[in-house]
Amino acid sequence: MNVDHAWMSAPTFPPHPHAGFSAVSYIFPDSETGIDNRDSLGTHNLIRPGGLHWITAGSGVIHQENPAEEGKTVHSLQIFVALAPQERDVAPFPLSLEPQDIPVFQGKGVKVRVPLGRFGDLSSPLKPPTAVTMLDVSLQSGATLTVPIPAGETAFVMPIFGTVDVDGQSFDFESLKVPVFSAQPSPQTITLGTARDTAKAMIFAGRPFN
C-alpha cells in the first residue's frame, strides 16, 4: 500500500493509466471542495468532502481527478492498494462511498470515521476486492484511543496534523516517518493519544500477500 497526502488547488492529475492494483481517493471532511472524477469506463462523479472513491484498475483504466471548484483546495489522500495476484488482470470497476454513508464512532474526545474495514461494531458498507481497514481518527487534547489489529495483519499510523502519541512515541506530520506494526500470530493493539493540541491520524491495516 502506498499513500500520498496532498493538497490540490488546480488540475493536477490529467488523464493517466493504472493497471494491476486499485487506486483509492479519500477526501478529508475539512476539504474546501471535492474532486471531479472521470475515467475511461464512462464514470463521471463528484467525490465530495468526507467521501471515498475506489477504482480497481485490474487489466487497465485511464482516469483523471481535478478540484470540483476553481480557486478552492482539495485535502485528500491518494492510496494505491495491491490486488491479489489472481485478480490483477480483472476487468476494471469503480466503487464509491458518500460521506453520509461512512460509519462514525464518537467517544470521549475521540471521533473515528470508518471508510474501509471495521472498527468495533462499525463496518464500512464498501466491499472492495482487497480487504483493508482505513480509519480517520480525530483526537482532542488529552484523549486516547486503543485500536485492535487482528492476527496476521500489518498496520501503520500516518499523522495528518498535530502531534500523535503512538504507543508512547510521538509522531507528527513534519517528521516524515510513520510507526509500522508487523503482522503477528496473535492480535495486537495500537494506542493513540495526544497530550497537547488536537490531532488527526489515519490508521491503515491489512493482510500482506507475501
Side-chain angles (χ1 to χ4, degrees), residues 1-9 12-13 18 20-31 35 49-50 52-54 65 73-83 102 105 107 109-120 124 128 130-210:
M1 178 182 288
N2 294 326
V3 185
D4 180 22
H5 180 197
W7 289 262
M8 179 172 62
S9 56
T12 305
F13 298 110
H18 289 310
F21 59 91
S22 296
V24 183
S25 296
Y26 175 62
I27 316 301
F28 286 108
D30 68 357
S31 184
I35 283 179
L52 179 142
H53 185 81
W54 176 302
E65 296 182 327
T73 300
V74 174
H75 182 203
S76 67
L77 297 178
Q78 178 85 87
I79 307 148
F80 294 156
V81 181
L83 288 167
I102 292 179
F105 167 82
V110 174
K111 180 178 180 179
V112 182
R113 305 184 83 238
V114 190
L116 295 170
R118 62 184 303 114
F119 176 73
S124 169
T130 305
V132 295
T133 291
M134 183 175 82
L135 307 178
D136 179 347
V137 179
S138 298
L139 298 167
Q140 298 296 317
S141 178
T144 60
L145 176 73
T146 298
V147 178
I149 305 299
E153 292 194 6
T154 294
F156 65 94
V157 180
M158 183 176 188
I160 301 301
F161 69 75
T163 299
V164 182
D165 296 325
V166 182
D167 285 357
Q169 282 191 284
S170 293
F171 298 86
D172 59 38
F173 170 75
E174 296 182 349
S175 64
L176 299 180
K177 59 183 179 180
V178 299
V180 177
F181 298 82
S182 299
Q184 300 297 320
S186 57
Q188 56 184 318
T189 59
I190 301 173
T191 300
L192 275 64
T194 178
R196 293 175 287 277
D197 298 328
T198 59
K200 179 188 281 288
M202 301 295 297
I203 299 178
F204 298 90
R207 187 174 294 273
F209 286 126
N210 50 17

Practice task
Apply side-chain contact (heavy atoms from CB on, under 4.5 Å) to the pair Leu192 and Thr144, showing each step before the final yes or no.
Solution key: CA-CA 5 Å; Leu192 275 64; Thr144 60; over 6 Å; no
Which heavy atom in [X] sits nearest to a heavy atom in [Y], and how many Å separate them?
| X | Y | result |
| --- | --- | --- |
| Ala143 | Gly109 | CB-O, 3.3 Å |
| His18 | Ala23 | CD2-CB, 4.0 Å |
| Ser182 | Gln188 | O-NE2, 3.0 Å |
| Ala151 | Pro185 | CB-O, 3.4 Å |
| Pro49 | Ser31 | CG-O, 3.7 Å |

Roughly how far, to the nearest 0.5 Å, is [atom2] of [Y] from [atom1] of [X]?
| X | Y | atom1 | atom2 | answer |
| --- | --- | --- | --- | --- |
| Lys177 | Gln169 | NZ | CD | 7.0 Å |
| Asp30 | Phe161 | CG | CZ | 7.0 Å |
| Asp172 | Thr163 | CG | OG1 | 4.5 Å |
| Lys200 | Leu139 | NZ | CG | 9.5 Å |

Problem - Residue pairs, two or more places apart or on separate chains, that pass ring-ring contact (aromatic ring centres under 6.0 Å, His included) and touch residues 180-210 - result: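 Sorted pair list: Phe156-Phe204.
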Do [X] and [Y] touch side chain to side chain, with heavy atoms closer than 4.5 Å?
| X | Y | result |
| --- | --- | --- |
| Leu116 | Tyr26 | no |
| Pro159 | Val178 | yes |
| Ile35 | His53 | no |
| Glu65 | Val74 | no |
| Ile203 | Thr133 | no |
| Met1 | Thr130 | no |
| Ser170 | Asp165 | yes |
| Ile149 | Val147 | yes |

Main-chain N/O of [Y] paired with [X] side-chain donor or acceptor, under 3.5 Å:
| X | Y | answer |
| --- | --- | --- |
| Gln78 | Ser76 | no |
| Ser124 | Pro115 | yes |
| Asp167 | Thr191 | yes |
| Arg113 | Pro29 | no |

Exercise for the section: Step by step, work out the side-chain contact (heavy atoms from CB on, under 4.5 Å) result for Ser138 and Thr198. Expected result: CA-CA 7 Å; Ser138 298; Thr198 59; over 6 Å; no
Problem - Residue list, salt bridge (Lys or Arg N to Asp or Glu O under 4.0 Å) with Lys111, at least two apart or on another chain - result: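 Salt bridge (Lys or Arg N to Asp or Glu O under 4.0 Å) check on Lys111 returns nothing, list empty.
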Practice task
Could you tell me how the ring of Trp7 sits relative to the ring of His5: parallel (under 30°), tilted (30 to 60°) or perpendicular (over 60°)?
Solution key: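 If you compare the ring of Trp7 with that of His5, the planes turn out tilted.
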Problem - Sole residue of Ile79, Val157, Val137, Leu77 in side-chain contact (heavy atoms from CB on, under 4.5 Å) with Met202 - result: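 It is Leu77, the one option of Ile79, Val157, Val137, Leu77 that forms the side-chain contact (heavy atoms from CB on, under 4.5 Å) with Met202.
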Problem - For Phe105, ring-ring contact (aromatic ring centres under 6.0 Å, His included) partners two or more places apart - result: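 Phe119.
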